[in-house]
There are 2 protein chains.
Amino acid sequence: MPKVETFDRIDVLQKATEIFHKKGYNGTSMQDLVDVTHLNRSSIYNSFGSKLGIFMQVLSFYQNAGNKKMGTEIVKTHNASDTLQSIFEWYLNDIIKDEDRKGCLIVNCKSEMSNQEPLINSFMVQNQEQMIALLEDVVHNGQMEKVFNEKQTAGQYALYLYSSIQGLRMTGILNTNENELRNLIKTVLTVLY
Amino acid sequence: MPKVETFDRIDVLQKATEIFHKKGYNGTSMQDLVDVTHLNRSSIYNSFGSKLGIFMQVLSFYQNAGNKKMGTEIVKTHNASDTLQSIFEWYLNDIIKDEDRKGCLIVNCKSEMSNQEPLINSFMVQNQEQMIALLEDVVHNGQMEKVFNEKQTAGQYALYLYSSIQGLRMTGILNTNENELRNLIKTVLTVLY
DNA sequence: ATCTTATTGAAATGATCGTTTCAAAATTAA
DNA sequence: TTAATTTTGAAACGATCATTTCAATAAGAT
């Protein structure tokens, strides 16, 4: 059997995620990745195949990390209303704590590459479906609990919330006022009650 | 007196806008610009200074073209409710008619560069202020007409609408269903009534 | 201990990046 | 028609791009 990978894959993906998030896909060079990961060029190619290859793994890493962290917040809630609140609260916190105001890696990537790169497009379609399915589930529960209205179907509200989240992430790039953002969220959620 | 510019500046900016819109700032090369504008490399530098220079002019061109076209729709309306409807209808149409699903050049640029390039950041701040001022004015009128509620101030609703528009533009990149988008808009506007 | 196989390190690949150079061409005021 | 001035065209700039090459290194299996 051969020599085995010596580097910490999680750590490398973490560093790669940071630089891609900060500079975007086209703005990040292979040299940037070599610098921040402290991996050799050939090790990156050997382990990830290509720049697009490592970026796809970065996207999944970012998505999974977000899901996991948001999930731990969600499980603390006990009704649909609180769940939705905590989802938006998580996004708000993610915006506030990022002093670089980079926005969401996935939203940024969608606008940069979705219309150009089939692999990215597929990822984005899957991401949207997953997000909307989650939101639809929450809304549906809230409607069963009679705390959300039924003027629109859960699916329709899910698309509205998904779109609102993307808007929130874009707005958070320039607007740093926590109170304004919190009020924005409140306004968004008003529709459901 | 010297020789004067021979090329059509509007036409050049139009072509440059198309390629920047399709490929993004970092994805567009000077060679791309030479190819699509049919201008010589040195003519571009002589007239626009740099890649960032021509891009800044492209951003303004895109912004002005949008304002103008949306303006002609707005003047046809006679109350705040119709005005807001026609604004969103304009964005919907802009999404539907773009078979490349590129999204909004300004939103895309904001996510790609706002955190990296001061000139871009300034443009985006100005763009946001302009957009919000316009929306605030419309909402304020609607509130005076008693057709919009006053649960939130016009300024608060303006930020909500601005955020919703960005969300709509991001959603429109992947979602091509006109009915779903129209329903999304309807849901967004529900808040005001 | 040796064989096998994969990961490394360092250098080099050709292509493309944004920008500059400079002489030739072109235009208008005098 | 000439002088003044700027735009053009074509080539070249050094730097950087993503990717490849290949010998040296390292480690589990026999």
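A note on names: the letters A, B, ... follow the listed sequences, proteins ahead of strands, and every chain is numbered from 1. Side chains included, hydrogens not; waters and symmetry mates left out as well; all remaining heavy atoms used.
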Measure the distance from [atom1] on [X] to [atom2] on [N] and round it to the nearest whole Å.
X: A:Arg9; N: C:dT8; atom1: CZ; atom2: P; answer: 11 Å
X: B:Met30; N: D:dA15; atom1: CE; atom2: C1'; answer: 17 Å
X: A:Phe7; N: C:dG9; atom1: CZ; atom2: C1'; answer: 14 Å

Audit row: A:Ser114, B:Leu174, side chain to side chain contact (heavy atoms under 4.5 Å, CB included) steps and yes/no: CA-CA 8 Å; A:Ser114 203; B:Leu174 280 191; 3.6 Å; yes
CA sep, side-chain torsions, deciding dist, call: A:Arg101, A:Asp98, salt bridge (charged side-chain N to carboxylate O under 4.0 Å, His left out): CA-CA 5 Å; A:Arg101 300 282 157 174; A:Asp98 177 20; over 6 Å; no
Base-pairing string, 5' to 3', of DNA chain C - Watson-Crick or wobble, under 3.5 Å, | interstrand: |.|||||||||||||||.||||||||||||
Test log, rule side-chain hydrogen bond (donor to acceptor under 3.5 Å, both in side chains), inputs B:Ser43 and B:Asn46: CA-CA 5 Å; B:Ser43 296; B:Asn46 187 64; over 6 Å; no
Ring geometry between B:Tyr25 and B:Phe55 (parallel below 30°, tilted from 30 to 60°, perpendicular above 60°): tilted
Option among B:Thr171, B:Thr187, B:Asn175 that satisfies the side chain to side chain donor-acceptor pair (under 3.5 Å) test with A:Ser163: B:Thr171
Close approaches to DNA chain C from residues 40-61 of chain A, in residue order (heavy atom, under 4.0 Å): A:Asn40, A:Arg41, A:Ser42, A:Ser43, A:Asn46
OP1 or OP2 of D:dC17 under 4.0 Å from side-chain N/O of A:Ser29: yes
Side chain proximity check, A:Asp137 to A:Asn141, heavy atoms < 4.5 angstrom: yes
B:Phe61 backbone acceptor or donor facing B:Gln14 side chain under 3.5 Å: no
Derivation of the side chain to side chain contact (heavy atoms under 4.5 Å, CB included) call for A:Val34 and A:Gln31: CA-CA 5 Å; A:Val34 168; A:Gln31 188 58 51; 4.2 Å; yes
